[in-house]
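Report on one structure; see the data block that follows.
No hydrogens, no waters, no symmetry mates; every other heavy atom, side chains included, goes into these values.
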Amino acid sequence: MRQIKRISFFIYSCLLLAAGFYAHIRYEEFLYPQYVRESQKSQIGREAYDSAQEVTATPAQISFDAELVTIIENLSSKRREEQKEMVPAKYVGMDRETFLRCMEDEVLAPTLSERKLGLVSIEVQSFSPQRVVILKSYKNQDVAASFYVGFSENMVVIYEEDKSSVYMRTSIDGRLLPVGIRDEISHGKVIDSREALEAFLEEYNMVPASE
């Protein structure tokens, strides 16, 4: 019986304490309603700020259903055309900085088809998770062109008609070329068409050194 009285007293004390705490809160709300509202607003504001910080901390990335808009510019004719497609899978998940570096790499090491088309530059004009716009600039491939072959740090380099603008850096080691070809290149070998240039590259890409 005594044990039951102790338990009842403990429960009664807890209820009194809870009732007192609740009454204190209601009393504060009654006396200082403005303070309570400001405190609640401040808490909500902090939570919203923390949530926004978490969102902005993650860079925007290209989504799998994004649209890729490619503007094709012909530098010779000044004509432009626009192409739209679903973004290629290799770009999905990239943020802006990663995508910019990828475009720089594609200009420095273009595919064979892009090289034949005369890719000059790629500019990222707009970037968002749902839509990416790039400008690809090409030189007119219908115009006859001449090229000059030279050396740079022992490697064969193809220059444009002005003899200073680099058209292509090859993987051909000049030290492995036959003596006659090395002499021609040293004196400024001229190649008068793209077809002749492709033939030259195919012929000497893997030629062993001559005695």
Side-chain angles (χ1 to χ4, degrees), residues 62 66-92 94 97-127 132-211:
I62 300 175
E67 178 184 51
L68 176 63
V69 180
T70 304
I71 302 171
I72 307 297
E73 178 184 41
N74 188 312
L75 295 175
S76 299
S77 64
K78 305 302 180 182
R79 293 181 58 184
R80 288 190 176 190
E81 60 180 89
E82 188 175 287
Q83 298 177 354
K84 295 182 179 180
E85 61 179 329
M86 295 295 293
V87 67
K90 63 181 179 179
Y91 300 141
V92 174
M94 290 186 178
E97 293 303 317
T98 304
F99 186 71
L100 287 172
R101 289 195 299 269
C102 182
M103 294 299 100
E104 292 174 358
D105 291 341
E106 290 190 10
V107 173
L108 293 174
T111 62
L112 181 59
S113 59
E114 291 280 38
R115 185 181 298 168
K116 288 182 177 180
L117 290 172
L119 178 65
V120 175
S121 64
I122 301 177
E123 176 187 342
V124 180
Q125 296 195 327
S126 175
F127 182 95
V132 179
V133 180
I134 61 176
L135 170 64
K136 284 189 173 184
S137 300
Y138 297 87
K139 288 190 175 178
N140 192 344
Q141 300 300 298
D142 296 328
V143 179
S146 296
F147 304 93
Y148 291 84
V149 187
F151 292 123
S152 177
E153 297 181 353
N154 295 317
M155 304 303 290
V156 174
V157 178
I158 311 301
Y159 296 93
E160 297 183 6
E161 292 177 320
D162 59 9
K163 299 184 181 182
S164 59
S165 300
V166 176
Y167 176 76
M168 181 193 309
R169 295 185 183 277
T170 75
S171 58
I172 302 174
D173 190 335
R175 293 167 296 184
L176 302 180
L177 291 173
V179 175
I181 296 299
R182 288 206 303 267
D183 290 342
E184 286 186 36
I185 295 175
S186 297
H187 290 86
K189 180 176 176 60
V190 180
I191 298 180
D192 57 10
S193 69
R194 285 184 171 79
E195 291 75 13
L197 175 60
E198 291 179 6
F200 170 83
L201 295 175
E202 291 178 1
E203 181 177 359
Y204 294 108
N205 193 40
M206 298 298 291
V207 172
S210 61
E211 298 297 334

### Summary
The reported gap from CG in Asp183 to NZ in Lys189 (rounded to nearest 0.5 angstrom) is 11.5 Å
## Note on the structure
Sorted by chain and number, sequence neighbours left out, side chain to side chain contact (heavy atoms under 4.5 Å, CB included) with Met168 holds for Arg115, Ile158, Thr170, Leu201
Please tabulate, one pair per line, all N/O donor-acceptor pairs under 3.5 Å involving side-chain atoms of residues 97-108, not counting sequence neighbours.
unit_1 : atom_1 : unit_2 : atom_2 : d
Thr98  : OG1    : Asp95  : OD1    : 2.8
Glu106 : OE2    : Tyr91  : OH     : 2.7

### Message
Could you tell me if the side chain of Phe151 sits less than 4.5 Å from the side chain of Val157, heavy atoms only?
### Response
no
### Query
Which value, rounded to the nearest 0.5 Å, describes the distance between Ile191 atom CD1 and Leu197 atom CG?
5.0 Å
### Task
Ignoring hydrogens and angles, tell me if any N or O in the side chain of Arg182 forms a donor-acceptor pair with the backbone of Leu177 under 3.5 Å.
yes
### Message
My understanding is that only residues two or more places apart in sequence, or in another chain, count here; which of them pass side chain to side chain contact (heavy atoms under 4.5 Å, CB included) with Thr111?
### Response
Ser113, Glu114
### Query
About how many Å separate CE of Met155 and CG of Asp173, when rounded to the nearest 0.5 Å?
5.0 Å
### Task
Identify the two heavy atoms, one from Leu119 and one from Pro110, that lie closest to each other, and give their separation to 0.1 Å.
CD2-CB, 4.2 Å
#### Entry: Sequence-distant partners of Ala199, side chain to side chain contact (heavy atoms under 4.5 Å, CB included), two or more places apart
none
### Summary
Quick note, side chain to side chain donor-acceptor pair (under 3.5 Å) partners involving residues 151-160, not counting sequence neighbours, are Lys139-Glu160
### Which residues share a side chain to side chain contact (heavy atoms under 4.5 Å, CB included) with Glu73, sequence neighbours left out
Leu75, Arg80, Leu135, Ser137
#### Entry: Minimum-distance pair of heavy atoms, taken over all atoms of Phe200 and Ile185
CZ-CD1, 4.2 Å
### Query
What residues form a salt bridge (charged side-chain N to carboxylate O under 4.0 Å, His left out) with Arg169, not counting sequence neighbours?
none
#### Entry: Pairing residues for Glu198 by the side-chain hydrogen bond (donor to acceptor under 3.5 Å, both in side chains) criterion, not counting sequence neighbours
none
### Query
Does the pair Val132 and Val87 meet the rule for a side-chain contact (heavy atoms from CB on, under 4.5 Å), with working shown?
CA-CA 8 Å; Val132 179; Val87 67; 5.6 Å; no
### Query
For Ser165, which residues count as a side-chain hydrogen bond (donor to acceptor under 3.5 Å, both in side chains) partner, sequence neighbours excluded?
Asp162
### Task
If a pair satisfies ring-ring contact (aromatic ring centres under 6.0 Å, His included) and one of its residues is in residues 173-197, list it, with sequence neighbours excluded.
none
### Task
Report the distance from atom CD of Glu123 to atom CD1 of Ile71, rounding to the nearest 0.5 Å.
9.0 Å
### Summary
Sorted by chain and number, sequence neighbours left out, side-chain hydrogen bond (donor to acceptor under 3.5 Å, both in side chains) with Ser164 holds for none
### Task
Please name the pair of heavy atoms, one in Ile172 and one in Tyr204, separated by the smallest distance, quoted to 0.1 Å.
CG2-O, 3.6 Å
## Note on the structure
The reported gap from CD1 in Ile72 to CD in Glu82 (rounded to nearest 0.5 angstrom) is 10.0 Å
